[in-house]
Structure formats: structure tokens, C-alpha cells
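Working notes, beginning with the structure itself.
Note on naming: letters A, B, ... go to the chains in the order of the sequence lines (proteins, then strands), and numbering restarts at 1 for each one. Just so you know, these numbers use all the heavy atoms, side chains as well, and skip hydrogens, waters and symmetry mates.
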Protein chains: 2
Amino acid sequence: MLSIAGDGSAVNDGVRDPNETRKLGIYGRGYDGILQVTGRALRFERDQEIYGYGNDADQVFKVEAGVVRTYRFLRDGRRQVDCFRATGEVFGLELGGSYTLSAAAACDCTVIAYRRRSLEKLAANNEQLRLQLSSAALSSLARAQEHSLSLGRRNAAERVAMFLIECLEYSNSTTDIQLAMPRRDIADYLGLTMETVSRTFSHFAHDSLIELVGTRRVRLRDTAGLRALYV
Amino acid sequence: MLSIAGDGSAVNDGVRDPNETRKLGIYGRGYDGILQVTGRALRFERDQEIYGYGNDADQVFKVEAGVVRTYRFLRDGRRQVDCFRATGEVFGLELGGSYTLSAAAACDCTVIAYRRRSLEKLAANNEQLRLQLSSAALSSLARAQEHSLSLGRRNAAERVAMFLIECLEYSNSTTDIQLAMPRRDIADYLGLTMETVSRTFSHFAHDSLIELVGTRRVRLRDTAGLRALYV
DNA sequence: CGAAGCGTTGACGCGGATCAAAGGCAGTGG
DNA sequence: CCACTGCCTTTGATCCGCGTCAACGCTTCG
């Protein structure tokens, strides 16, 4: 049995099959780099914690399947979702010794865990891996900065429109998106309430910008119109 | 004459003395790393642009004196300040070929410009420099994530209290802070309006949490009380 | 059939934006 | 030394977008 995060306090063991390993490049969505680093595949159920705020940051992760959210709570329970990570994306990179965010499965998912020390040791002599790690850090940075712009200056409709387009880019369809997460997660990502997200979806549907196909499926009927809302 | 950013369109030349150079480690506030990299010192006046959104990202910068802001505009003029950078801090690190933010002097300041290609070449064989660069990227990331939490989930008083404590950490005093930037910049950093920032300052003063000494100087009278507002 | 979650919709209130005006304060010129 | 000018900041009045609270619908599961 292997504990995923440092202190094990509120952390479930995500391992289903400890013998299962993956050799995978560590960079980008769906891109397998030239260097193959061995990590351990772990499976998590919806809402299961991968690591907690303040835990010992001794692992770096890559999503193999499903979607992960990174997030933080304020004392009174308010929550901000920092980012959703889809297949191929790296998370858990830290400067200091402990995680500054928590991470959990947004839906049932599989992630590959790499030992941080191993990566650091390997990176010392491997330019390819260094490039992959710094790319992961810098693309996370750019996304966090874009996210700040949305949270600080965009209104509800603009944020939701952006979110839908973001989802579309992760989708394999050009019109349909499958939402991996419930309304509450979307709301906490966008700095809104569940009700406002729901109302905005309804408005968009009424204006024929989208079509709601069940609660977890959205068909974009006017992608250009959605983009125009926030660009 | 040397152009600071790629296309030179809206970019002023910040060089006052092209012969002036600096040998400085590239990491952290006031910390000079072991590796000494040679950069060019440039001086900028308040509000002068250092680089613009979309410009060719061929340089990395470090603040030598004063304060720099990185920011972005929406089409209609709304602005979000991503971050203020004080002495010793690095900015302008990018994954892609162009800057995803703009940067300008928040007050008269001096920055050191390093050629990106030179840094990348040097970093290939220098672990010390690599550490400094990745530290800069990862600490920027942590700050951007913390910023998202504030913008998404904290109210005006909490944001302003946090900003004041942040400023205190950059100050050499334990009670007094000198604001390098006008209210508008603070507001755009905190995702608020100038008026709300001003009113919140006044409330804090009325509640004896702070004392306003002129418009650019604040004395913190109850640091613990301010911290309690947002932790 | 009942219970529990999640999502939607409506009514209402509040925090912060907007609009407007007046108050410092530094720089300039007489 | 003072008056003038323009910018930044403060303060007040009003407005509105989104949060809060509440009820209801839909789906799943026992």
C-alpha cells in the first residue's frame, strides 16, 4: 500500500493495482515526450483527494484519463477551483516542500504519479525532461494569469462563455462538449455560484447560443457568438 | 539604441545609458545567486511600457529598483493587473514566442534585461541558473494561484487587507508601507474600482486598523487584525 | 414508493459599480 | 509667497449584477 500524499491524514489510498506502472513522457495533453519516465498509475473516484493543501509535495502527477481539479478552501468553506486538468496534463509542481493547493478527481480518473526526487535527479542530465517540466510550469502560469483576468474583470456571461470554449478545445467534437464535473465545480472555478452558472446556461440556450442535452452535455450552436462574448 | 520589445510599435526605448551593465544572479528578491549573468540595466519612468502583449518574448527581466506591474487589457478597456514586481524579482518568462501580458513601470524604476536565448544557452550547462529560473517560474505560479483565490472568492475588505500585508512584507519597516502605485493600479490588481479601494482604506482607518499618512503612505496599527480579515 | 442529490427557477437583498461632485496636493508661473 | 491648474483621491447618492434563500423538478437508488 502506498500513501499518495505526505501525512496521510485525510488522504485515501488511490492505488487499485500497485503493480501497474506506466512509462510516459511527462509533458502536455496527450503528448508523449521522447524521454520515457516510469511512474505509477493510480485510480481515483469522483471527489477523492489526490493530495491535500500543505501535504509534503513529494510527487508530481500527470493525468492519464479523466479530469482532475486543483483547488483551495478559505476557512469559512468558500472554495476556489484553480484549474481543471485533462488527459496528458501535469500538476503538482511546487517550488517549496508542500503543496499550495489541494487536488482531487473531478470525475473517476487515472493519474500517473512520479517521485519528485527521481524527476529532479533525472532532469539534471536530461534536457528533454527539463523542457517538459518547464513547459508544464510555464503553461500552468499562463493559464493562471488568464484565469485571474477572468475572475477580476469578466462578468458571469463572459466567464461561462469562456469556460464552454475551453471545454470545446478539450473535446474531440467541434460542437459537442461533455462536462466532466457538476455545476458546483464549474461555479467554484469561475468564481460564481451554482445558480448563476445554471441561469447563464439557460440564457445561452434561450438565445440559441447553445443547446442543453441533459445536464452534462452541451451542444454549441454559435461558437463565434460565444467567443465574441469575451474576446 | 536598443529596442526593448520585438516590434517596437508602441514601445519606448528605456535605455538611458547603453554602456551600463549589471552582473546579477537572476533569482528572488534581493538575492544574488552564485551564478553571475550579465544583463543590461534599463531605466523606465512611471507608466512607461517595458514590453507589450503579443510582442516577441526575446528578453527576461529582473527588477533592480522600483516596482513593475504586469497586466492585460480587455477590448473595452477593462484592465487586470496580474502582479507587482519589486526589487530582485524576475518577470517576462514565457513558454511561447510572445508575451502573454504587458509590463510597465508602476513608478520610476530600473530593470535588468537578459537575452532569452543567452539564458537558455547558459542554463543548458548551469544547474544554478536553471534552479533560479525554475524558482522564478514556480513562485510566479504560486502567486498567480493565490491571486485567483482572492479574485474569485474574497470580498473587497479581504482583498485590500491582503494587499496591505503583502506590501508590508516588501517593506523594510514593520508598520509603515510606502505605496509605489496609484489607487487605480491597486484597484486593477484587486479586481475592484478605485472608489472601493479608497472607501476600504477609509473604513480601515476609521476602525483604527491603519492610519493614512498622506495618499502614498500607510501605517499599519493592527497587523493581526488585518491578517484575521482574510486568513 | 420514499429519500437523497443535483439542477433549475423565482423572489429578494446586498456589495460593489457607476455617476457626480468636491477636496487635497504638486507643479508652474506671476 | 501666493494663485492657478490639473491630476489624484475621497466622499456621497444611486443603481444593478450576482448572491442568497427558498421551492420545485428530475434522476437514481434502496
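B:His147 is not listed as a side-chain neighbour of A:Gln145, based on a closest heavy-atom distance of 4.5 Å or more. Contact of the A:Pro182 side chain with the A:Arg216 side chain is registered, since non-hydrogen atoms from C-beta on lie closer than 4.5 Å.
For the pair A:Arg79 and A:Asp185, the salt-bridge criterion is met [side-chain N within less than 4.0 Å of a carboxylate O]. Here B:Arg217 pairs with B:Asp176 in a salt bridge; the nearest charged N to carboxylate O distance falls below 4.0 Å. For the pair B:Arg43 and B:Glu64, the salt-bridge criterion is not met [side-chain N within less than 4.0 Å of a carboxylate O].
Side-chain N or O atoms of B:Asn155 include one that pairs as donor or acceptor with a backbone N or O of B:Ala157 at under 3.5 Å. The backbone N or O of B:Glu45 sits nowhere less than 3.5 Å from a side-chain atom of B:Asp108 that would complete a donor-acceptor pair.
Chain A approaches DNA chain C over the interval C:dG7 to C:dA11, counting the first and last nucleotide 5' to 3' with an atom under 4.0 Å from its heavy atoms.
Contacts with DNA chain C (heavy atom under 4.0 Å) in residues 206-214 of chain B: none are found. In the region residues 144-157 of chain B, proximity to DNA chain C at under 4.0 angstrom, judged on heavy atoms, holds for B:Asn155, B:Ala156.
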Could you check A:Leu179 against A:Phe163 for side chain to side chain contact (heavy atoms under 4.5 Å, CB included), going step by step and ending with a plain yes or no?
CA-CA 11 Å; A:Leu179 300 174; A:Phe163 174 73; 4.0 Å; yes
Please report the C-alpha distance between B:Phe44 and B:Ile50 in whole Å, then the side-chain angles of each, then the deciding distance to 0.1 Å, and finally whether the side chain to side chain contact (heavy atoms under 4.5 Å, CB included) criterion is met.
CA-CA 8 Å; B:Phe44 294 90; B:Ile50 299 171; 3.9 Å; yes
Walk me through it: do A:Leu226 and A:Ile210 pass the test side chain to side chain contact (heavy atoms under 4.5 Å, CB included)?
CA-CA 9 Å; A:Leu226 285 172; A:Ile210 65 173; 4.0 Å; yes
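With no hydrogens or angles considered, a side-chain donor-acceptor pair links B:Arg85 and B:Ser140 at under 3.5 Å. A donor-acceptor contact under 3.5 angstrom links the side chains of B:Thr100 and B:Glu94, judged on distance only.
Environment of CZ in B:Arg78: crowded, with over 12 heavy atoms of neighbouring residues, nucleotides or ligands closer than 6.0 Å.
You'll find the ring centres of B:Phe61 and B:Tyr51 inside the 6.0 Å limit.
In this structure, B:Glu195 places its CD atom 16 Å from C1' of D:dC16, rounding to the nearest Å. Per the geometry, CE belonging to B:Met181 stands 11 Å off P belonging to D:dT9, to the nearest Å.
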For residues 195-209 of chain A, which side-chain donor-acceptor pairs fall under 3.5 Å, sequence neighbours excluded?
unit_1   : atom_1 : unit_2   : atom_2 : d
A:Thr196 : OG1    : A:Thr193 : OG1    : 3.1
A:Thr200 : OG1    : A:Thr196 : O      : 2.7
A:Ser202 : OG     : A:Ser198 : O      : 3.1

All N/O pairs under 3.5 Å across the protein-nucleotides 4-8 of chain D interface:
none

Between protein and nucleotides 28-30 of chain D, what N or O pairs are separated by less than 3.5 Å?
none

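Contact annotation: A:Thr196 reaches the phosphate of D:dG19 (side-chain N/O to OP1 or OP2, under 4.0 Å).
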